[in-house]
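Some notes on the structure that comes next.
Everything numeric in this text was worked out from a predicted model, so none of it was measured. FYI, the numbering just counts along the sequence from 1.
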Amino acid sequence: MTTTETDSRRLRLGTRGSRLALTQSGQVAEALIASGGGGAAAAAGKASEGSGGLSIDLVTVRTDGDGDRTPLRQLGGVGVFAARLRHALLDGEVDLVVHSFKDLPTQPVEGLEVICVPPREDPRDALCARDGLTLADLPEGARVGTGSPRRAAQLLAARPDLEVVDLRGNVPTRLARVRGLEVVGVGTDEPVAPSRADAAGDLDAVVLALSGLRRLGLEHCASEVLDLETMLPAPAQGALAVEARAGEDCAELARAVAALDDEPTRLAVTAERALMARLGAGCAAPVGAWAYLREGSQAPRVLVLRAVVTSLDGGQEVGCELSTELPEASGGPGAPGDTAAVRAAEALGVRAAEVLLDDGADQIVDLHANKPRRH
């Protein structure tokens with residue numbers, strides 16, 4: 001199946017089976033249909049078609065991470081959720097896939113290309129606590145759940161008295177672990193039944209990405225949106241990546257989705273992911289990064305990058321904030337990654353990583369921590 005006749009063909013969009021993944025993929029499908037000439041909105045798992053002839057089927061792909069309660073740091077490293085989707089793409093089972101960009105390894109895969117980065121949702125983290133408590137108001141020794149070493153480390157940096165509890169599961173499953181939230185109607189969300197039942201109401205709070213809560217309509221469960229001084233997000237958190245097979249077919253598809261690509265988002269996540277790549281950071285490395293485009297009415301565009309590495313116990317941090325002026329974008333539609341501005345963003349990320357390393361980031365934590373999957 002080729003994409004030469006993109007506007008008159010049916011595309012198969014691969015997605016994980018969680019509510020969040022289906023929602024994110026459905027939103028991309030809706031936007032693709034709208035950019036192709038309008039038409040019916042996409043519904044999760046159903047075909048959608050626009051008046052221009054473009055139609056999209058969401059194809060659910062089972063990944064190794066779904067339904068598995070093994071801690072993320074023991075699940076096989078960065079990309080555990082992306083690997084199966086990428087195999088489906090390379091094998092021709094689907095035509096494009098939607099990833100949470102923060103879950104995508106920084107090393108490219110031969111034969112695949114990220115052809116679109118839609119506008120980013122708010123990248124911050126959110127505390128979802130019982131009784132509407134904030135981080136400062138949580139009692140001493142409160143039990144706070146997260147599967148992220150980065151979030152755990154930054155939580156302990158802010159509140160060393162907390163008991164941080166490792167947890168897995170999709171967003172509703174995690175919310176149900178909070179006392180009082182197990183009965184607020186967040187629903188269930190497991191594409192494959194886990195090997196054991198989850199506890200319910202055994203935690204005082206969990207920390208989740210605000211973007212996921214918003215996309216699922218669960219933002220009301222957040223008792224506090226954590227400011228960037230307290231918790232710097234994971235690189236590319238809140239952003240999506242649309243990936244397709246490389247080659248001439250990919251070029252045609254990239255031109256078709258070019259209207260969805262958001263340059264400020266692409267530049268920001270490019271810098272953040274270049275930082276991770278230069279650090280060689282594994283899935284258990286507590287690295288936070290956030291980049292944003294600062295634009296003035298007359299001044300040149302400036303990309304700013306903040307980054308932090310935190311020891312696992314929260315006791316030590318190494319951080320930096322750097323910026324670079326950006327040239328005007330020179331790439332045309334269909335080649336959003338081949339611009340001088342993107343190359344400048346990559347250079348900024350590399351430079352920030354080198355500053356962190358010079359300041360001893362690799363001395364306070366194992367940046368390459370990436371434990372293999374247990375068999």
Side-chain angles (χ1 to χ4, degrees), residues 78-79 82 98-109 112-124 150 211 228 232-244 246 250 254 257-281 285 287-309 318-359 361 367:
V78 177
V98 175
H99 303 281
S100 290
F101 216 157
K102 71 180 180 63
D103 295 334
L104 210 56
T106 55
Q107 292 301 313
V109 172
L112 298 181
E113 182 178 345
V114 174
I115 61 171
C116 176
V117 183
R120 187 181 203 170
E121 181 55 270
D122 193 319
R124 291 177 296 174
R150 172 193 60 83
S211 58
L228 296 170
L232 210 56
Q237 183 163 298
L240 302 178
V242 181
E243 194 170 42
C250 175
V257 304
L260 302 187
D261 196 80
D262 183 65
E263 189 195 24
T265 298
R266 183 179 280 273
L267 293 172
V269 300
T270 294
E272 293 163 15
R273 285 168 56 79
L275 168 95
M276 286 289 283
R278 175 63 183 88
L279 291 175
V287 178
W290 175 60
Y292 65 96
L293 197 59
R294 186 175 68 209
E295 297 184 86
S297 57
Q298 296 180 340
R301 299 187 305 166
V302 174
L303 186 65
V304 181
L305 172 61
R306 293 174 56 186
V308 66
V309 175
V318 175
C320 70
E321 179 173 325
L322 301 177
S323 63
T324 188
E325 290 187 8
L326 296 174
E328 290 301 317
S330 59
D338 186 22
T339 69
V342 167
R343 290 192 292 274
E346 290 174 343
L348 177 63
V350 170
R351 185 156 55 94
E354 291 173 347
V355 169
L356 293 176
L357 292 172
D358 287 344
D359 289 344
L367 288 172

Open item on the list: Measuring from atom CG of D262 to atom CG of L267, what distance do you get when rounded to the nearest 0.5 angstrom?
Closed with: 9.0 Å
Open item on the list: Please check this pair: side chain of E121 against backbone of G238, looking for a donor-acceptor N/O pair closer than 3.5 Å.
Closed with: no
Task: Side-chain (R120) to main-chain (Q237) donor-acceptor, under 3.5 angstrom - done: yes
- [ ] Measure the CG-NE2 distance between L240 and H99 for me, rounded to the nearest 0.5 Å.
- [x] 10.5 Å
- [ ] Step by step, work out the side-chain contact (heavy atoms from CB on, under 4.5 Å) result for V318 and V308.
- [x] CA-CA 6 Å; V318 175; V308 66; over 6 Å; no
TODO: Using a 4.5 Å cut-off on heavy atoms from C-beta on, say whether the side chain of V302 contacts that of L326.
DONE: no
Task: D261 side chain vs V117 backbone, donor-acceptor pair below 3.5 Å - done: yes
- [ ] Show your reasoning for whether side-chain contact (heavy atoms from CB on, under 4.5 Å) applies to V304 and L293.
- [x] CA-CA 6 Å; V304 181; L293 197 59; over 6 Å; no
TODO: List the steps and the verdict of side-chain contact (heavy atoms from CB on, under 4.5 Å) for L322 and L348.
DONE: CA-CA 7 Å; L322 301 177; L348 177 63; 3.8 Å; yes
- [ ] Using a strict 4.0 Å threshold on nitrogen-to-oxygen distance, state whether R294 and E325 make a salt bridge.
- [x] no
Open item on the list: Quick check against the 3.5 Å criterion: does R273 have a side-chain atom that pairs as donor or acceptor with the backbone of G349?
Closed with: no
Open item on the list: So which atom in T265 and which in P119 form the shortest heavy-atom distance, rounded to 0.1 Å?
Closed with: OG1-CA, 3.6 Å
Task: Heavy-atom pair of closest approach, residues P233 and P123 - done: CB-O, 3.1 Å
- [ ] Would you indicate whether the side-chain heavy atoms of R306 and L228 approach each other to under 4.5 Å?
- [x] yes
- [ ] Check for a donor-acceptor pair, side chain of T339 on one end and backbone N or O of V342 on the other, with a separation under 3.5 Å.
- [x] yes
Open item on the list: Can you confirm whether K102 sits close enough to M276 that some side-chain heavy atom of one is under 4.5 Å from a side-chain heavy atom of the other?
Closed with: no
Open item on the list: When you measure from the side chain of R124 to the backbone of S211, do you find a donor-acceptor pair of N or O atoms at a distance under 3.5 Å?
Closed with: no
TODO: First locate atom CZ of F101, then atom OG1 of T106, and finally report the distance between them rounded to the nearest 0.5 Å.
DONE: 10.0 Å
Open item on the list: Test side-chain contact (heavy atoms from CB on, under 4.5 Å) on V309 and L367; report intermediate values, then the result.
Closed with: CA-CA 9 Å; V309 175; L367 288 172; 3.9 Å; yes
Open item on the list: A side-chain contact here means heavy atoms from C-beta on lying under 4.5 Å apart; do L357 and L279 qualify?
Closed with: yes
- [ ] Verify, without hydrogens or angle tests, whether E113 (side chain) and A244 (backbone) share a donor-acceptor contact under 3.5 angstrom.
- [x] no
- [ ] For the residue pair R351 and E346, establish whether any side-chain heavy-atom pair is separated by less than 4.5 Å.
- [x] no
